[in-house]
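Read through the structure below, which is laid out as structure tokens, and then see the notes.
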Amino acid sequence: MSEGKTVQHSELPEVDDELSVSLRMRLKSHHSGWATIFRKGASGEEGGLMRTPGLFLHANNSKLHPRFTGNWEDNAGIHAVEDGLLLNKWYHITYTLSDREKRMDIYINGVWTAFYAIKNVQMHKVKFNDAPLHIGWLNGEIGNFRYFNWRLSAEEVTKNYLNHRPFY
């Protein structure tokens, strides 16, 4: 199991209303419970639930579970992305979130795979936070972790993927 890493808020670029995270990962085994790829904020056990941004894996099948916290819901996002990640295969994953555009997008290996739209665009806001970023509580490896204080465009996601894909 990956031991994980914690990055303090002061070590990250300042976020106003958008962010993106990109990383490479490979699972060695499926976790019997929820696994954390990354989350910024409290898990609920530590007080209130805050997860902007947050990317988790479902138990036993490793389906991506992208989340964030809004002013209307503590646990907003996509329940499950596709069929789940295969074991021992490298993936490049990009998570983008924009309060300005009222959306979250998920890309796998440079391909736009899923999105979540905030429906009540006048009243609902993404809640960004100043908590630490927790990376990598899962049975596998994470590399090339990058945290941006803007929403990557589809072209930037593709370029980032092509520049960081593994060579076999």
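In Glu11, the CD atom is crowded: over 12 heavy atoms of neighbouring residues, nucleotides or ligands sit closer than 6.0 Å. For Asp83, the CG atom sits in a loose shell: 12 or fewer heavy atoms of surrounding residues, nucleotides or ligands are nearer than 6.0 Å.
For the residue pair Lys63 / His79, no side-chain donor-acceptor distance below 3.5 Å is found, with atom types taken as modelled.
With hydrogens and angles disregarded, no donor-acceptor distance shorter than 3.5 Å links the side chain of Ser98 to the backbone of Arg103. With hydrogens and angles disregarded, a donor-acceptor distance shorter than 3.5 Å links the side chain of Arg67 to the backbone of Asn75. Although no hydrogens or angles enter the test, the distance criterion places no donor-acceptor pair under 3.5 Å between the side chain of Asp17 and the main chain of Val126. Side chain of Lys125 to backbone of Asp99: no donor-acceptor contact under 3.5 angstrom is found.
Both Leu138 and Leu86 sit in one connected hydrophobic cluster of ILVMFWY residues. Membership requires side-chain heavy atoms under 4.5 Å apart, directly or through other members.
To the nearest 0.5 Å, atoms NE2 (His134) and CZ (Arg39) are separated by 4.0 Å. Rounding to the nearest 0.5 Å gives a distance of 7.5 Å between OG1 of Thr36 and CH2 of Trp137. Between atom CG of residue Asn60 and atom CH2 of residue Trp34 there is a gap of 10.5 Å, rounded to the nearest 0.5 Å.
Within the cation-pi definition used here (under 6.0 Å to the ring centroid, within 45° of the axis), Lys119 qualifies as a partner of Tyr116.
Residues passing the salt bridge (Lys or Arg N to Asp or Glu O under 4.0 Å) test with Asp130, sequence neighbours excluded: none. Contacts of Arg146 classified as salt bridge (Lys or Arg N to Asp or Glu O under 4.0 Å), with partners at least two apart in sequence or in another chain: none.
Exactly one of Asp105, Thr52, Val21 qualifies for a side-chain contact (heavy atoms from CB on, under 4.5 Å) with Leu97. That residue is Thr52.
Proximity of Lys5 to Ile142: side-chain heavy atoms (C-beta onward) are nowhere separated by under 4.5 Å. Between Ile118 and Trp72 the shortest side-chain heavy-atom distance falls below 4.5 Å. Side-chain atoms of Glu141 and Trp90, non-hydrogen and from C-beta on, do get closer than 4.5 Å to each other. Annotation: side chain of Leu23 is not in contact with side chain of Ile135 (no heavy-atom distance under 4.5 Å).
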Margin query: Could you walk me through whether Leu19 and Tyr95 satisfy the side-chain contact (heavy atoms from CB on, under 4.5 Å) test, starting with their C-alpha distance in whole Å, then the side-chain angles of each, then the deciding distance to 0.1 Å, before giving a yes or no?
Written below: CA-CA 8 Å; Leu19 62 80; Tyr95 168 116; 3.9 Å; yes
